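Keep in mind the model is a prediction, meaning the values are calculated, not measured. Naming convention: chains lettered A, B, ... in sequence-line order (proteins, then strands); numbering from 1 in each chain.
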Amino acid sequence: MKIEALVRNDVWRNEFRRALGKWYRVHGRHLPWRSSADPYRVWISEIMLQQTTVAAVIPYFERFISQFPTVHELANASENDVLRLWEGLGYYSRARNLHKAAIQIVDLFGGHFPNDVRILQTLPGIGRYTAGAIASFAFQLPAAIVEANTLRLYSRLIGLELDPRSTGGQKALWEFAEWLVLGNESISGINAGDFNQALMDIGSVICRPVEPDCPACPLSVFCEARARNLQQSIPLPKKRIEISQVTEASIALFHKTRVLLRKRSDAERWAGLWDFVRFEVNEKDARQLSIPSRKHVGQQKSVSKSPRRQSGYLQSLLAFETAEPYLQTLPEAWTHHLHSETGVYVRNAEAVTEIRHSVTRFRIRLLCFRAQVIYPPEPALNNYQWFELEELFSLPLSRTGRQFFELLQGSRIFASDDADETGVSRNP
DNA sequence: AAGTCGGGGGT
DNA sequence: ACCCCAGACTT
């Protein structure tokens, strides 16, 4: 049935609602943020869940709520502390917008959440989906939602052959979603919030991207894709993006016991997070250096998957502490960059490790070094700042920054090297 | 309409 | 390798 015909078919809609409500009462998922309709908790969970899997969010949600139980604690927190709790979850602008929105909710709305989708969308980080989610989950208003799960489910239900991410596809999906949720309560037996949750659960558990479990689906008789056996080809896949290889260097500069960090600006990746000196390098310079690779250290292949690749970590630490030839002369281009960027000259550069990681469309080889500052001792160029190493426990770092820091913690070679001009002293 | 922004997990 | 994930925001 075409969507134009569908949105006028009240009989279809009522039967659909009954089937969905019946299924949800038995099969609905139990998730931490579903135990309460507190708009604050709904909001936190929805922001965390943007482009992030349920399993990844759960521990972050628990920690965040216990640290900031209400919007007031969040509004009064520092951005650093908010980002520190967000560290590892990614898309850090979410955390910064969350903090800004908390301040607005306190200042503009007296700490009370607006219960209107239009007003909700004026808050930073809240778009059409999140506004609908808060309105329906927290206030039981008949607001529509379209996100990853429902996008797939609705696309199949209406047999959408347009790209569901295109303007036209989005229009059709939102129109269908609005029609579906409007005035449903007395028929499905569940409120608008549970109604939307039920749709997401079906999308997540049954109407999966590949191999949807149509035989188990309470909505299969309502499904246009199923009727035409198109459930594998609807929705149209996203067009894949091209990956670029990049090589970067990250250098922990020490003066006595302190290390030099910079808070990354709004205009770059990891905005608001702190990082060591870091810059892109060319492949030719990188090839001349000998760097302990965490992947190739040691003989055993056994890398325990959980909880945090212990063997690989310990092995690289061991190799680092016992390695001799890792004292390096940095390429001239690097020392030049270091000086113009921070104002310092360095000595005793040592390769610490190589980290490989992916960020958005980049595949990055990160070469991590440590060096000592010889002149001048305390620069203050370009937003750089000196910290005791221990202070990094409470500063928000990127994932790779945290990994690097943990290696520096474990090695502590510079600890007693303050006035030693002859070279690196290694503690036995 | 297209690009940008993370990081983890699953296959 | 590749795909996916309770999207929002900028250009």
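Residue-level contact check: A/T130 touches the backbone only, with heavy atoms under 4.0 Å from sugar-phosphate atoms and none from bases. Among the atoms of the strands shown, none is found under 4.0 Å from any heavy atom of A/L199. Within the 4.0 angstrom heavy-atom criterion, no nucleotide atom of any strand lies near A/G203. Within the nucleic acid shown, A/R152 comes within 4.0 Å of sugar-phosphate atoms alone, with no base atom in reach, counting heavy atoms only. Using a 4.0 Å heavy-atom distance criterion, A/R34 is classed as a base contact. If you check every strand for non-hydrogen atoms under 4.0 Å, A/V57 touches nothing. As judged by a 4.0 angstrom heavy-atom cut-off over every strand, A/T53 is placed among the base-contacting residues. Contact annotation for A/I243: no contact, since no heavy-atom pair falls under 4.0 Å across all strands. Nucleic acid contact for A/A148: sugar-phosphate only, since backbone atoms but no base atoms lie under 4.0 Å from a heavy atom of the residue. Residue A/W33 is in base contact, counting any heavy-atom pair closer than 4.0 Å across all strands shown. The residue A/P237 sits apart from the nucleic acid: no heavy atom pair falls under 4.0 Å.
Which of B/dT4, C/dC5, C/dA8 sits closest to the side chain of A/Y129 comes down to C/dA8. In the set C/dG7, C/dC3, C/dA6, C/dG7 carries the atom at the smallest distance from any side-chain atom of A/Y91. Taking only side-chain atoms of A/R361, from C-beta outward, the nucleotide of B/dG7, C/dA6, B/dT4 with the closest atom is B/dT4. Looking at the side chain of A/T360, the nearest of the listed nucleotides B/dC5, C/dA6, C/dC2 is B/dC5. Of the candidate nucleotides B/dG8, C/dA6, B/dG6, C/dA6 has the atom nearest to the side chain of A/E46.
Residue A/R240 places at least one side-chain N or O under 4.0 Å from the OP1 or OP2 atom of C/dC2. Applying the 4.0 Å criterion to OP1 and OP2 of C/dA6, one finds that A/W43 has every side-chain N and O outside that range. At the phosphate of B/dG8, OP1 or OP2 sits under 4.0 Å from a side-chain N or O atom of A/R399.
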Next on the checklist: Quick one, A/W33 with A/F137, criterion ring-ring contact (aromatic ring centres under 6.0 Å, His included). Give me CA distance, side-chain angles, the key distance, then yes/no.
Outcome noted: CA-CA 10 Å; A/W33 42 88; A/F137 304 157; over 10 Å; no
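One atom, CD1 of A/I47, and another, P of B/dG6, lie 15 Å apart when rounded to the nearest Å. As a whole-Å value, the separation of A/R363 CZ from B/dG6 C1' is 13 Å. Between A/I58 atom CD1 and B/dG9 atom P there is a gap of 13 Å when expressed in whole angstrom units. Distance A/Q403 CD to B/dG8 C1': 12 Å, rounded to the nearest Å. Taking atom CD on A/Q51 and atom P on B/dG7, their separation rounds to 15 Å, with Å as the unit. Regarding A/E268, its CD atom lies at a distance of 14 Å from the C1' atom of B/dT4, rounded to whole Å. With rounding to whole Å, A/R402 atom CZ is found 13 Å from B/dG8 atom P. The distance between atom CG of A/D266 and atom C1' of C/dA8, rounded to the nearest whole Å, is 16 Å.
Here the side chain of A/R94 pairs a donor or acceptor atom with the backbone of A/Y91 at under 3.5 angstrom.
Figure legend: A/R63 and A/Y60 shown as a cation-pi pair, the cationic atom lying under 6.0 angstrom from the six-membered ring centre and within 45 degrees of its axis.
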Sequence neighbours left out, cut at 3.5 Å: what donor-acceptor pairs do the side chains of residues 104-119 of chain A make with other protein atoms?
residue : atom : partner : partner atom : Å
A/D116  : OD1  : A/R118  : N            : 2.8
A/D116  : OD1  : A/I119  : N            : 3.0

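Ring-centre distance between A/F387 and A/W274: below the 6.0 Å cut-off.
Heavy atoms of other residues, nucleotides or ligands lying less than 6.0 angstrom from NZ of A/K263 number more than 12.
As the counterpart of B/dA2, C/dT10 is assigned, both hydrogen-bonding distances of the Watson-Crick or G-U wobble pattern falling under 3.5 Å.
For the P atom pair drawn from C/dT11 and B/dG6, the interatomic distance equals 16 Å after rounding to whole Å. B/dT11 and C/dA6 have their P atoms separated by 14 Å, given to the nearest Å.
A salt bridge is defined here as a Lys NZ or Arg NE, NH1 or NH2 lying under 4.0 Å from an Asp or Glu carboxylate O, and A/E15 with A/R18 fails to meet this definition.
Contact of A/T52 with B/dG6 (side chain to base): a donor-acceptor pair of N or O atoms is detected under 3.5 Å.
For the pair A/K239 and A/G88, nearest-nucleotide mapping onto DNA chain B gives the more 5' position to A/K239. Positionally, the nearest nucleotide of DNA chain C for A/L31 lies more toward the 5' end than for the other of A/G125 and A/L31. Nearest-nucleotide positions on DNA chain B for A/L89 and A/S166 put A/S166 closer to the 5' end.
Using a 3.5 Å distance cut-off with no hydrogens or angles, the side chains of A/Y384 and A/E341 do pair a donor with an acceptor.
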